[in-house]
Amino acid sequence: MSDTAVETPNVMVMNQLPSSEIVGESPLHHADLASAAATKNEGGVHLRENALQGFLTLRLNPENKDLLASANAVLGLELPTKPLSSVTEGATTARWMSPDEWLISVPGEAAFDLETAFQEKVDGHFSLVNSSGGVTTLVVSGEHVVEMLKKSVPYDFHISEFPAGKVVSTLFAKSSAVIRRLDEQAFELIIRRSFADYIWLWIQDASREYGLVIKND
Amino acid sequence: MQHYSGFGLLKHSLSHHENWQRIWRNPTPKKKYDVIIVGGGGHGLATAYYLAKQFGVTNVAVIEKGYLGGGNTARNTTIVRSNYLWDEAAHLYEHSMKLWEGLSQDLNYNVMFSQRGCLNLGHTLQDMRDIERRVNANRLNGIDGEVLDAQQVKEIVPILDCSSDRRYPVMGASWQPRAGVARHDAVAWGFARGADAHGVDLIQQTEVVDFIIEDGTVVGVKTDRYGEIKADRVGCVVAGNSSVLAAKAGFELPLESHPLQALVSEPIKPILDTVVMSNHVHGYASQSDKGDLVIGAGIDGYTGYGQRGSYGTIEHTLQAIVEMFPIFSRVRMNRQWGGIVDTCPDACPIVSETPVKNLFFNCGWGTGGFKATPGSGNVFAASLAKGEMHELAKPFSMFRYHNGALVDEHGAAGVAH
Amino acid sequence: MLHIYCPHCCEYREEEEFHAKGQAHIVRPLDPDACTDQEWGEFMYFRKNPRGIHHELWVHAAGCRKFFNVTRNTQTYEIKEVYKVGEKPTIVAE
Amino acid sequence: MTQKNRLMSGGRINRSKPLSFTYNDKQYSGYEGDTLASALLANGVDIIGRSFKYSRPRGIVAAGAEEPNAVMQIGATEATQTPNVRATQQELYPGLVCGATNGWPNVDNDLMGLVGKIGGKAMPPGFYYKTFMYPKSMWETYESYIRKAAGLGRSPNEYDVDIYDKMNQHCDVLVVGAGPAGLSAALVAAKAGARVILADEQNEFGGSLLSSRETLDGKPATEWVNSVVEELSTFENVALMPRSTVNGYHDHNFLTIHERCTDHIADRAPNGQVRQRYHRVRAKWVVLATGAHERPLVYGNNDVPGCMQASAVSTYINRYGVVPGNELVLMTTNDNAYHTALDWHDAGRKVMAIVDTRKNPSGALIEEARNRGINVMVGSGVIEVQGSKRVTSVSVAPLNEDGSRVTGSVIKIGADTVASSGGWSPVVHLSCHTGSRPVWKDEALGFVPGSTVQNQFTAGAINGEYSTEGALGQGVESANDVLKALGLDAVSIALPDTDEPAQSESMALYHVPHTKPTSQAPKQFVDYQNDVTAAGIELACREGFESIEHVKRYTAMGFGTDQGKLGNINGMAIAAKMLNQSIPETGTTIFRPNYTPVTFGAIVGRDCGELFDPMRYTAMHAWHEERGAEYEDVGQWKRPWYFPLKGESMQDALNRECLATRESVGILDASTLGKIDIQGKDAREFLGRVYTNAWAKLAVGKCRYGLMCGEDGMVFDDGVTSCLGENHFLMTTTSGGAAHVLEWLELYHQTEWPEMEVYFTSVTDHWATMTIAGPNSRKLLEELTDYDVSSENFGYMDWKKMTIAGVPARVFRISFTGELSYEINVQANYGLHVWKALFEHEDKYNLTPYGTETMHILRAEKGFIIAGQDTDGSVHPFDLGMPWAVSMKKPFSFIGKRGMQREDCVRPDRKQLVGLKTTDPNIVLPEGAQGVFDPNAPIPMPMVGHVTSSYWSANLNRSVAMGFVKGGSERMGEKVYYPLVDGRTVEAEICSPVFLDPKGERQHV
């Protein structure tokens, strides 16, 4: 069982991924987005599920500079300490969630390595929790994406208030989402697994008048 | 007191209605009363009425900072029912219900108490367990109640969507046939008129700004307009403002005053004959004699004395109403308003002695105040007359929050007003 | 609909993202077992509930999940100040 | 049909687009650009409704939001029936079908009108309160008749075919109203680069300028309007919203806009477009440029069709090319209304007289009227009109200086139309919504906005500035105030020249006296919709209703769908006079949202039907669907309730599921349980503080059950928490309680014990959880893992890491059924894979999926509680018979400890949870049944506790139940009786709640 466990005396970490023959099913697996993608290619709102990414919730006090530095070293990026900001290095993105919390995304298979490295290399009071199975990522874009979002979220999406790179945890209809602006007309929504079907229904509904295009790449 | 009747109306129409008596006097307060009631809302006026009429204490003043019946009495959704869970609350509300049933005749003022029945819907298995529990308790307490299944609910309210494909299908309901609605303003006016006829002084536009307390005993009040007025006993019945007055008497209450909103549709032709309430989808509705759908919203989470709440609460309420009654989608909302409800930790009132001798508080009715008006006034009057709490009021002492003898009616109170 | 400045996110957010948690600065007695029933009851239930300036605890439930304090006028609903847990208000009644 | 009142030219209608519509089953025609009201007037339709109380015939009096009478039922199909649409705000579309809402057999010949005529005298305000009381038993009968008269329009009885949605909007400044003030304000703000929303309730911008013949820079005012609108539309940050009523102004500058997207196009929204859209606006600043409504005067029979607002008459002539009559008498207290007489005259119809209540009016407008040969009667008033279905003549009488009495003889003038103007009432509604009180302004003879804590400016007629020039200037000024507040530079724009003549002083007159006292005069209506008369207001005051709120409530003034836009000030003036007060002393009532009524559907938006509330699903939901599960709503989760096979009843299915689980192995999707990852060196101590039991010694690899209480000592949640590492725990919570528990932990951590080193992270959605339970569960597990799951290696209350069906898993050997049981947790993306892998062994082990109901039965057989079902917030662990779950010896006084020791909480006769064994084993007590010790006691019967859980146990072949009984723990073996709703009384014996395997032998294998 050597591949499933790294033992530290204090915190239990395990590789939660099976071998690659077993294909994971993202929270929107049942929606069969691949088939939907084949049907329509013009519309004002585009949606793509970025499935099976690795997500980790990191908690630590950034005022502890040593701790922050060693975390940064393991992550290979500077954790953003400015509220509502994000930092991307390579395939890793760290999103500010709270003064002592970040949501970090990595390629799905990299989560365990990062967890292991943290337990081995970072000393001090922190918590790094794998939450990959609990969320999925939707990338919504297109000419009318802001209108769709304005129907769904009480936040101000004007570019002056919400520039690219900004991250906002907020409500999405009667659920919630972590929203990051990618560029003027593209946003990343990180949503919870159990609410994914609801949000999928909602986005289809809110996009109807603009036309919804499912992207599959 | 001039007797009101249909015949009287005809008679007065011959003199062009020029000779109606004043409904109440506009007296200048005396220097001293046996009892001063602070607060001229429904409960305060009912207290004064019963003090004078039933207990013979007529040297009474009601001091109201605004106009009579201008607080929550003027701002509620007029529902009257007594299907509370716990014995203590059930007995108190049922006492009130019985008074409601003869109130128009007792007051010679038609409060338009309409016993059209009240459904409390159940949408989950736990809802249905709670309904069974409450109805069983009601029946053993002598309060009418039935448990209905979805089919029976549909028969009573055909326009209610009871289909199984709703988000939270109706599984059944409790049904109190004697429950209903009343004309809220008329209740205050009827009690005021009755109290005035028995000699009670109703002092409007006069604010009690402080209490006169000597050696831990209240001996009177200070007012903004008439200075000091003495009294042997003082009863405070000021709903949302109770904490503010308690602070002046030097103590805190286990209360938070929250906005509670309601709204009405435009008047439409009669379509809803009963009161329909749902704690689970969080909304309730009845239709007034004028045709308005009278709809209740939930309590806002923050303290607020502004007589208005947050718009999101209105949205959620209407979502619930349209979920229950999809045909109302095209009906239009005319106006919304808010009251200030004084909520207690156990969703039951405080009818109680206080740390100050001869100072009594009747408050904390939260969402349950209107339906309790006659009963609350009646037991509070009895308590003020004797200087000790009425049996029905004893479980509602403010000191229960010390010893833990709470009466937790959150289940029955819910959004349920 | 309140518009509340979150002192952690450092911007205004809609009321829907927050939960009101009642009166602020209620300290749990350090030795509960030494409290009388009355003292314990007062800690749990008895509140200032003022009309006017009030210090409240809120949590940015749908945002950063941090608790913080709000000084608000309960009559006009004006928010006078927000400050973090552990800090003292600079605006108080009277 | 001919449009007999339509002018040959003029107006903003499109004569090339005639439209036909149906009113009361009769076809009429109008033009594109008409409102329903203007089209009806064009066709000479006088009566459009019947009044509420007296059933008097009513006609159109206004041209906008203030219209009280023309409230129609619209809709061509049942599903599109819309009650109470104001004809003055409904744009005409082809095929519009509408009808009057009152009147039987029809609105022209209404029988109820007779009742009103005969009974009207006996129906003063308050008549309901004074009658129908005797005999008491008759009230219900009386009320059924009262109710029959209720309502205006009717609700559809089919579901809405249209949809509505919402948008959240943000802007620097929301300008409300696109008249001269709003347009100039919006232009200034736009030029400065601010984000602007300009909203107006009408279909086109321009406000009052659309209805008048005034010029700007010497050209028709609408040319200026067009140029400004055109310029505004070039700004990217400007949103122009016609047909959009700002209907509510809420705290912190949150406003709502009701946009009618397709109401002007057709009976229902075309091709799936939204019918109406609601905008939830957070505006940094607001400029209210909402204008003013003209106040009609109150005089005898002023509700007879043909009596109108003066400004409305002008609007119909100038904007719609409709002259709503032939012979006009204009009554006015001010110069401005002279425009109406001039408009009427210039349209080619006859002005019979201008009746000016002022003694010596002078000025350009008066001169102009005289120059056209119009008879101007000064110092006079129209004291009543004659006619029933239309005005036939008017009575004019001279008045004294202050207009309080008639001073001479009455003359009659033939006329079919009376236009009246008592001045203007600023539209202060929105400014009042947030609790600001309006203040009286003498110069304006109206209430204007009072001080406010909102970020708000006002411009134009709302401030009592009734001139176009003044409005334009205030618009600029207010916008510059906004710019300053935003830190932007001021902007100046060139304002057009106006041609308004100077106006002389208006007279403060509201109620025109009659030769008879008010109580005996013909009815003088103040609030048309509710039939509130001047006599009624005077009566209310005489009876002692001295507060304006009392007057309003007693008479119902202002309670109509128009919310007193026309009548309130007149009513206050009448009350003030009765009470010998000034109007400001009398005060005003408070306006509340909505400004005009809003469709429920628009407020609901898309949060209806399948989107009403999220349905949360687990990773295995698709499988449950395939197997035909019935679901239970648990919070927002859809949990399988039971899995019926074809032809099975629910009880059949439960029996099968229960037996299979105890005989072989059952499986439950337990993913919905809340899961919280807890890390930090103080995690263990923290658990000790929030749970009632001890955690100091829980070893890594072990699990423990815990109860969570409030400070009051009452249980609110429970669950198993496992020690994953020395500083690492996984807490589980109830499905419904997960969010609350996490917030609870954070509350204590952040506010009470911030020094503790611990972090909490929700992992509810991350893990898929499946519970296999039953004697064969170990064998089943062994089929899928190489790990040694023998009892020796994997004991009860242990957890282990292993690979199951190729997927890494955490497996917890805990049991909620009393069986040998394993809770398998895998990353949710692999949940369905593992679940399906287990079902590959379905036949071999009779693996049986079960739902929440079987779970409840199995745990009840074991006497395990469910928080929320067996607890209700009023029971502590001792009440539950769970002293083993409380450690009173912990050094820290854990949450709940002090509370559960209060005087009332330690009474021996508290209700305690016990088992209940019915004497007849076949009877299943209803959950919620209330127990008594003496079944023969009279009502009210002393109740001793209720049944919390009760089931048929197929395993025990009898019923099992739990419930609370007063002092129950000391009453084992005694009987308790349950008098049921159906008349039966069920006897039960108080027993241990553990009905099966009291020694726990089944799970320790």
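These values consider heavy atoms only, across backbone and side chains, with no hydrogens, waters or symmetry-generated copies. Computed from a prediction, not measured in an experiment: that's the story for all the values here. Lettering of chains follows the sequences in order, A, B, ..., and the numbering in each one begins at 1.
- Put simply, the side chain of D:H946 does not reach to within 4.5 Å of the side chain of B:N136, judged on heavy atoms.
- Annotation: side chain of D:T561 is in contact with side chain of B:P267 (closest heavy-atom distance under 4.5 Å).
- Between B:S5 atom OG and D:M133 atom CE the span is 7.5 Å, to the nearest 0.5 Å.
- For B:Q319 (side chain) and D:R606 (main-chain N/O), no donor-acceptor pair under 3.5 Å exists by modelled atom type.
- Annotation: maximal heavy-atom pairing with chain B below 4.5 Å, among D:M615, D:K638, D:E632, occurs at D:M615.
- Sparse packing is recorded around CD of D:E140, with 12 or fewer heavy atoms of other residues, nucleotides or ligands lying under 6.0 Å away.
- Using a 4.5 Å heavy-atom threshold, the side chains of D:R147 and B:K269 count as separate.
- With a 4.5 angstrom heavy-atom cutoff, D:V932 touches chain B only via side-chain atoms.
- Heavy atoms closer than 4.5 Å to chain D are found in both the backbone and the side chain of B:D161.
- Under the 4.5 Å side-chain criterion, counting only non-hydrogen atoms from C-beta, B:L140 is in contact with D:P979.
- Separating the CH2 atom in B:W24 from the CD atom in D:E543 is a distance of 9.5 Å, to the nearest 0.5 Å.
- Among B:L263, B:L68, B:L14, B:I159, the residue making the largest number of heavy-atom pairs under 4.5 Å with chain D is B:L68.
- Counting heavy-atom pairs closer than 4.5 Å to chain D, the top residue among B:N26, B:L125, B:I271 is B:L125.
- Annotation: maximal heavy-atom pairing with chain B below 4.5 Å, among D:G601, D:S155, D:P938, D:S547, occurs at D:S155.
- For a residue to count as touching a neighbouring chain, one of its non-hydrogen atoms must lie under 4.5 Å from one of that chain's; by this rule D:Y554 touches chain B with backbone and side chain alike.
- Looking at D:Q563, the atoms closer than 4.5 Å to chain B (heavy atoms on both sides) all sit in the side chain, from C-beta outward.
- Residue contact with chain D, scored on non-hydrogen atoms closer than 4.5 Å, is absent for B:F325.
- Because its NZ or CZ atom is both nearer than 6.0 Å to the ring centre of D:F559 and within 45° of the ring axis, B:R335 counts as a cation-pi partner of that residue.
- In terms of non-hydrogen atom pairs under 4.5 Å with chain B, the most contact-rich of D:V85, D:T596, D:L539, D:L611 is D:L539.
- Of the two parts of D:D251, only the side chain, counted from C-beta on, holds a non-hydrogen atom closer than 4.5 Å to a non-hydrogen atom of chain B.
- The most heavy-atom pairs under 4.5 Å with chain B, out of D:R154, D:Q520, D:K148, D:E903, come from D:Q520.
- Chain B forms the most heavy-atom pairs under 4.5 Å with one residue out of D:G126, D:C905, D:G609, D:G248, and that residue is D:G609.
- Side-chain contact between B:I268 and D:L152 is absent, with no heavy atoms from C-beta onward closer than 4.5 Å.
- Contacts of D:T852 with chain B are absent, with no heavy-atom separation under 4.5 Å from either backbone or side chain.
- Only the side chain of D:N530 comes within contact range of chain B, with heavy atoms under 4.5 Å apart.
- For D:R907, no part lies under 4.5 angstrom from a heavy atom of chain B.
- Residue D:E78: no heavy atom, backbone or side chain, is found under 4.5 Å from chain B.
- When the candidates B:L107, B:V147, B:N108, B:D346 are compared by the number of heavy-atom contacts under 4.5 Å with chain D, B:N108 comes out ahead.
- Donor-acceptor pairing under 3.5 Å is recorded for the side chains of D:D613 and B:Y168.
- Between B:S114 atom OG and D:I146 atom CD1 the span is 9.5 Å, to the nearest 0.5 Å.
- Residue D:A149: no heavy atom, backbone or side chain, is found under 4.5 Å from chain B.
- Looking at D:M943 and B:N141, their side chains come closer than 4.5 Å, going by heavy atoms from C-beta outward.
- Between D:K166 and B:E315 there is a salt bridge, with a side-chain nitrogen of the basic residue lying less than 4.0 Å from a carboxylate oxygen of the acidic one.
- Heavy atoms of D:Q73 lying under 4.5 Å from chain B are absent altogether.
- Inspection of the B:Q336 and D:N594 side chains reveals no N or O donor paired with an N or O acceptor under 3.5 Å.
- Between chain D and the residues B:F328, B:W20, B:W337, the most heavy-atom pairs under 4.5 angstrom are made by B:W20.
- By the 30° and 60° cut-offs, the orientation of the rings of B:Y109 relative to D:Y129 is parallel.
- Of all the listed residues (B:K11, B:H3, B:E132, B:H16), the one sharing the greatest number of non-hydrogen pairs under 4.5 Å with chain D is B:H16.
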**OP:** Take B:R129 and D:T948 through the test side chain to side chain contact (heavy atoms under 4.5 Å, CB included) and record every step on the way to the result.
**Re:** CA-CA 8 Å; B:R129 282 189 281 267; D:T948 60; over 6 Å; no
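- Both the backbone and the side chain of B:S104 come within contact range of chain D, judged by heavy atoms closer than 4.5 Å.
- Just one residue in the list D:Y142, D:Y134, D:W139 forms a side chain to side chain contact (heavy atoms under 4.5 Å, CB included) with B:N110, and that residue is D:W139.
- D:F52 is listed as a side-chain neighbour of B:K290, based on a closest heavy-atom distance under 4.5 Å.
- We find the CD-CG distance between D:E927 and B:D130 to be 10.5 Å, quoted to the nearest 0.5 Å.
- Note that OG of D:S144 is 10.0 Å distant from CG of B:D289, once rounded to the nearest 0.5 Å.
- With sequence neighbours excluded, no residue forms a side chain to side chain donor-acceptor pair (under 3.5 Å) with B:E146.
- Looking at D:Y164, the atoms closer than 4.5 Å to chain B (heavy atoms on both sides) all sit in the side chain, from C-beta outward.
- A search for side chain to side chain donor-acceptor pair (under 3.5 Å) contacts involving D:S874 returns D:D872, not counting sequence neighbours.
- Looking at D:P614, the atoms closer than 4.5 Å to chain B (heavy atoms on both sides) all sit in the backbone: N, CA, C or O.
- In this structure, CD in B:E266 is found 8.5 Å from OG1 in D:T599, a value given to the nearest 0.5 Å.
- There is no side-chain donor-acceptor pair under 3.5 Å between D:Y128 and B:R183.
- Between D:D904 and B:R400 there is no salt bridge, since no side-chain N of the basic residue sits under 4.0 Å from a carboxylate O of the acidic one.
- Between D:E610 and B:R166, none of the side-chain N atoms (NZ, or NE/NH1/NH2) sits under 4.0 Å from a carboxylate O, so this pair counts as no salt bridge.
- A salt bridge links B:R116 with D:E143: the distance from a Lys NZ or Arg NE/NH1/NH2 to an Asp or Glu carboxylate oxygen falls below 4.0 Å.
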Original post:
Checking side chain to side chain contact (heavy atoms under 4.5 Å, CB included) for the pair D:F612/B:V281: CA distance, chi angles, key distance, verdict?
Top reply: CA-CA 10 Å; D:F612 170 65; B:V281 304; 3.9 Å; yes
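- Contact annotation for D:Y278: only side-chain heavy atoms (C-beta onward) come within less than 4.5 Å of a heavy atom of chain B.
- For the set B:R332, B:R133, B:R330, the count of heavy-atom pairs under 4.5 angstrom toward chain D peaks at B:R330.
- Considering only heavy atoms from C-beta on, D:F600 stays 4.5 Å or farther from B:S329 through its side chain.
- Between chain B and the residues D:Q869, D:E158, D:E853, D:M941, the largest count of heavy-atom pairs under 4.5 Å involves D:Q869.
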